[in-house]
Amino acid sequence: MKKTFSQFCFFIIFSFLYSINSNAIIFECENNYSYKIDKKDSQTVYFYKKINTDWLSIKNVKIGDNKFEYFLPNSTYLACSDKKLNVCKYKTLISFNLSNKEADVREVILDDCHIGTMGCNKYEKGLELNQRRCNIIN
């Protein structure tokens, strides 16, 4: 109950700060992607893009305490040569602190799996990989 209340308070505060400052907030990240949260009318819309491409809408986003979890399509790592092994899929996690405009992005493994780089390596669910910094623009 306490966690739900704190998430609700965070969402209200974030929405308030977001509506005062701008219609959109953009995270430009060192992973060569940008992520945008855009408030249109009374609805919040989420986007992502790779450098030098157009914005693409994303429907599957989870909001938590100072973080957004983006479930981008085709988020998988290189498969192993042994095709019987589970290929790693991941979500993109953005953590941020609006007061000091600091943010970072990383990939979070969704299930126990294997990645086919430098051989074939096992990774466990929840492991966070490839953390990069982001600039917050609003």
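- A side-chain contact (heavy atoms from CB on, under 4.5 Å) with Lys36 is found for one member of Ile26, Ile137, Ile25 and no other, namely Ile26.
- With sequence neighbours excluded, the residues that form a side-chain hydrogen bond (donor to acceptor under 3.5 Å, both in side chains) with Asn130 are Glu107.
- Cluster partners of Met118 are absent, since no Ile, Leu, Val, Met, Phe, Trp or Tyr has side-chain heavy atoms less than 4.5 Å from it.
- Crowding of Lys122 atom NZ: a count of heavy atoms from other residues, nucleotides or ligands under 6.0 Å not exceeding 12.
- For Ser99, the side-chain contact (heavy atoms from CB on, under 4.5 Å) partners at least two apart in sequence or on another chain are Asn97.
- Remark: Leu129 engages Tyr77, Ile109, Ile115, Tyr123, Leu127 in a side-chain contact (heavy atoms from CB on, under 4.5 Å) (not counting sequence neighbours).
- Among residues two or more places apart in sequence or in another chain, the side-chain contact (heavy atoms from CB on, under 4.5 Å) test is passed with Leu85 by Cys80, Asp82, His114, Cys120.
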N/O donor to acceptor pairs below 3.5 angstrom from side-chain atoms of residues 86-96, sequence neighbours left out:
unit_1 : atom_1 : unit_2 : atom_2 : d
Asn86  : ND2    : Asp112 : O      : 2.8
Lys91  : NZ     : Glu69  : OE1    : 3.1
Ser95  : OG     : Arg106 : NH2    : 3.1

*Evaluate side-chain contact (heavy atoms from CB on, under 4.5 Å) for Val61 paired with Tyr48, printing each intermediate quantity in order.*
CA-CA 11 Å; Val61 177; Tyr48 74 100; over 6 Å; no
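- Each disulfide bond (SG atoms under 2.5 Å apart) pair with one or both residues in residues 36-76, not counting sequence neighbours, would appear here, but there are none.
- Between Phe27 and Ile37, the closest side-chain pair of non-hydrogen atoms falls below 4.5 Å.
- For the atom pair CG of Asp104 and CD of Gln131, the computed distance is 4.0 Å after rounding to the nearest 0.5 Å.
- Under the rule for a side-chain hydrogen bond (donor to acceptor under 3.5 Å, both in side chains), Lys62 has no partner lying at least two apart in sequence or in another chain.
- Residues Ile58 and Pro73 have side chains in contact (heavy-atom distance under 4.5 Å, counting atoms from C-beta outward).
- Shown here are the ring-ring contact (aromatic ring centres under 6.0 Å, His included) partners of Tyr70, two or more places apart in sequence or in another chain: Tyr35.
- Put simply, Leu110 and Leu72 are part of two different groups of oily side chains (I, L, V, M, F, W, Y) that touch within less than 4.5 Å, one to the next.
- Annotation: disulfide bond (SG atoms under 2.5 Å apart) contacts involving residues 26-73, sequence neighbours excluded, comprise Cys29-Cys134.
- Judged as a salt bridge (Lys or Arg N to Asp or Glu O under 4.0 Å), not a single pair has a partner in residues 41-57 (not counting sequence neighbours).
- With sequence neighbours excluded, the residues that form a side-chain contact (heavy atoms from CB on, under 4.5 Å) with Ser57 are Val45, Phe47, Lys59.
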